[in-house]
Amino acid sequence: MSTASQSQPPPGDTRRRVPRTDAVLADPRLAAATAMLGRPAVKAVVNAAQERARRGEIAPEEVANAAAAALPQGPSSLRGVVNATGVVLHTNLGRAPLSPVAIAAVVKAAGHTDVELDLTTGRRARRGRGALDALRVAVPAAAGVHVVNNGAAALVLAATALAAGREIIVSRGELVEIGDGFRLPALLESTGARLREVGTTNRTALADYAAAVGPDTGFILKVHPSNFVVSGFTSAVDVADLATLGVPVVADIGSGLLAPDPLLPDEPDAATTLNAGAALVTASGDKLLGGPQAGLLLGDADLVERLRRHPLARALRVDKLTLAALEATLRGPEPPTWVALRAAPAQLRVRAERLADALDDVDAEVTRTAAVVGGGGAPGLELESWAVSLPERLALPLRTGEPPVLGRVERGRLLLDLRCVPPDLDDAVAAAVRKAACTS
């Protein structure tokens, strides 16, 4: 018997009825998907459905339907989710969601742009000058500004340019872990700087810093412990006092608050810190500022220019999409983070009651709860909020549904906190809950 005859299914075998690849790809649903996802991705889904038919898992006539059902949600594996956790800046969910104007700016910047070109002269121009100008306007106390790709990068650039081979003086109580196992001491030492720890975990005095200042001092580092609170027998030294010691003070405020905010009285802001005497402030753009992931450097003009011209700055620079989103965030209306932080509890309660009423056959209750800022901002601050309480068994189907809805489990109940959920998504959340209740 020939090899060709051995490879062919016998007469009457259903595998003979499996449709050809080009025929399946001609299905309107799959043709439309090809335009968005690309032919290779859609073809791979079709081939998988054909193999299922050959194994007898589905009928040959169902190949197109199975392929259409298995298509990816989009060209990226990232999925948009509904944040009903009550954590405004949830690191696992990408922290700050962009505002509509920032999203529009990103879309516009996705094509060719004048990011480094002066259209009038036709010559090269300062990269991201629009975003930098917007940052100067937002923080007038900063004579110089620069942007890198995240807050940790801002601090690394400062340490490399100002203290490689020298000492950074820092309080032991401010040697924090910033997440995912990354610790500030290791981060700073990777730049070639040496840490000169002063004080104790709970108490550090100005005299401790003064005794450590010497010829090898690169700068004094003041770190805001933004993800924990130390209370009790404690003391710390503020920037104004540190600025009297005759060496530069670099303040890592972390959360990206640019100006004082009555809602966050204990959170340091860039303007106040600079006015107090800091030579340089580093912060994140995707936290309380409500913009894209970015590291902000603000302070003395000569110092910032020195950092901008350092060779490492090239490796840490941001792309045109980040610059566009940052500028739009700084110039535009209040971003979603600002709105979520200030959501009125009374309105959240009304929304929660309406949502619970829409879930006729589901064990749903309205409950008062407390939301938090998250993202390493305002530790200890609780925001009065309201949630819909559901059976814990709905957590998984809601998390894996479309759209994914993420709540938090407390005392055996799933809470969907509405503080970070845009009101126009309430109906979608209700539909997701009803579907999850039917399938679980």
Atom of [X], atom of [Y] and distance for their closest heavy-atom approach:
{"X": "Ala131", "Y": "Leu330", "result": "O-CD1, 4.0 Å"}
{"X": "Ile168", "Y": "Ala193", "result": "CD1-CB, 3.7 Å"}
{"X": "Ser284", "Y": "Gly151", "result": "OG-CA, 3.7 Å"}
{"X": "Leu30", "Y": "Ala64", "result": "CD1-O, 4.4 Å"}
{"X": "Leu394", "Y": "Leu390", "result": "CD1-CB, 4.1 Å"}
{"X": "Pro404", "Y": "Gly80", "result": "CD-O, 3.2 Å"}

Electrostatic pair [X]:[Y] at N-O distance under 4.0 angstrom:
{"X": "Asp363", "Y": "Arg393", "answer": "no"}
{"X": "Glu116", "Y": "Arg317", "answer": "yes"}
{"X": "Arg20", "Y": "Asp22", "answer": "yes"}
{"X": "Arg354", "Y": "Asp426", "answer": "no"}
{"X": "Glu62", "Y": "Arg52", "answer": "no"}

Could you tell me the separation between the [atom1] atom of [X] and the [atom2] atom of [Y], rounded to the nearest 0.5 Å?
{"X": "Leu359", "Y": "Asp361", "atom1": "CG", "atom2": "CG", "result": "9.5 Å"}
{"X": "Asp269", "Y": "Asp261", "atom1": "CG", "atom2": "CG", "result": "9.0 Å"}
{"X": "Leu348", "Y": "Glu353", "atom1": "CG", "atom2": "CD", "result": "11.0 Å"}
{"X": "Arg314", "Y": "Arg308", "atom1": "CZ", "atom2": "CZ", "result": "12.0 Å"}
{"X": "Glu402", "Y": "Arg79", "atom1": "CD", "atom2": "CZ", "result": "5.0 Å"}
{"X": "Met36", "Y": "Gln73", "atom1": "CE", "atom2": "CD", "result": "8.5 Å"}

Check whether any side-chain heavy atom of [X] sits under 4.5 Å from a side-chain heavy atom of [Y], and report yes or no.
{"X": "Val433", "Y": "Val405", "value": "no"}
{"X": "Leu221", "Y": "Leu188", "value": "yes"}
{"X": "Arg95", "Y": "Gln293", "value": "no"}
{"X": "Leu415", "Y": "Val388", "value": "no"}
{"X": "Pro72", "Y": "Val45", "value": "yes"}
{"X": "Leu406", "Y": "Leu416", "value": "no"}
{"X": "Leu175", "Y": "Leu195", "value": "yes"}
{"X": "Leu71", "Y": "Val42", "value": "yes"}

Taking atom [atom1] of [X] as the centre, does the number of heavy atoms from other residues, nucleotides or ligands within less than 6.0 Å exceed 12?
{"X": "Asp424", "atom1": "CG", "answer": "yes"}
{"X": "Arg123", "atom1": "CZ", "answer": "no"}
{"X": "Gln347", "atom1": "CD", "answer": "no"}
{"X": "Arg309", "atom1": "CZ", "answer": "no"}

Could you check whether any side-chain N or O of [X] sits under 3.5 Å from a backbone N or O of [Y], counting only pairs where one atom can act as donor and the other as acceptor?
{"X": "Thr217", "Y": "Phe219", "result": "no"}
{"X": "Thr322", "Y": "Val318", "result": "no"}
{"X": "Arg419", "Y": "Glu384", "result": "yes"}
{"X": "Arg351", "Y": "Val421", "result": "yes"}
{"X": "Gln50", "Y": "Pro19", "result": "yes"}

Inset, instruction - Walk me through it: do Leu383 and Leu341 pass the test side chain to side chain contact (heavy atoms under 4.5 Å, CB included)? - result: CA-CA 8 Å; Leu383 305 167; Leu341 288 173; 3.9 Å; yes
[X] and [Y]: side-chain donor and acceptor closer than 3.5 Å?
{"X": "Glu267", "Y": "Ser255", "value": "yes"}
{"X": "Ser171", "Y": "Glu197", "value": "no"}
{"X": "Ser389", "Y": "Arg413", "value": "yes"}
{"X": "Asn275", "Y": "Thr272", "value": "no"}

Inset, instruction - Given side chain to side chain contact (heavy atoms under 4.5 Å, CB included), test Glu61 with Val18 step by step and report yes or no. - result: CA-CA 7 Å; Glu61 295 77 17; Val18 174; over 6 Å; no
Inset, instruction - With side chain to side chain contact (heavy atoms under 4.5 Å, CB included) as the test, would you mind laying out the steps for Thr21 and Asn47 before giving the verdict? - result: CA-CA 7 Å; Thr21 300; Asn47 292 159; 3.6 Å; yes
Inset, instruction - Please test Val250 against Lys222 for side chain to side chain contact (heavy atoms under 4.5 Å, CB included), starting from the C-alpha separation and ending with a verdict. - result: CA-CA 6 Å; Val250 176; Lys222 179 68 177 176; over 6 Å; no
Inset, instruction - Before giving the answer on side-chain hydrogen bond (donor to acceptor under 3.5 Å, both in side chains), spell out for Arg408 and Thr369 the whole-Å C-alpha distance, their side-chain angles and the decisive distance to 0.1 Å. - result: CA-CA 11 Å; Arg408 70 179 187 273; Thr369 187; 2.3 Å; yes
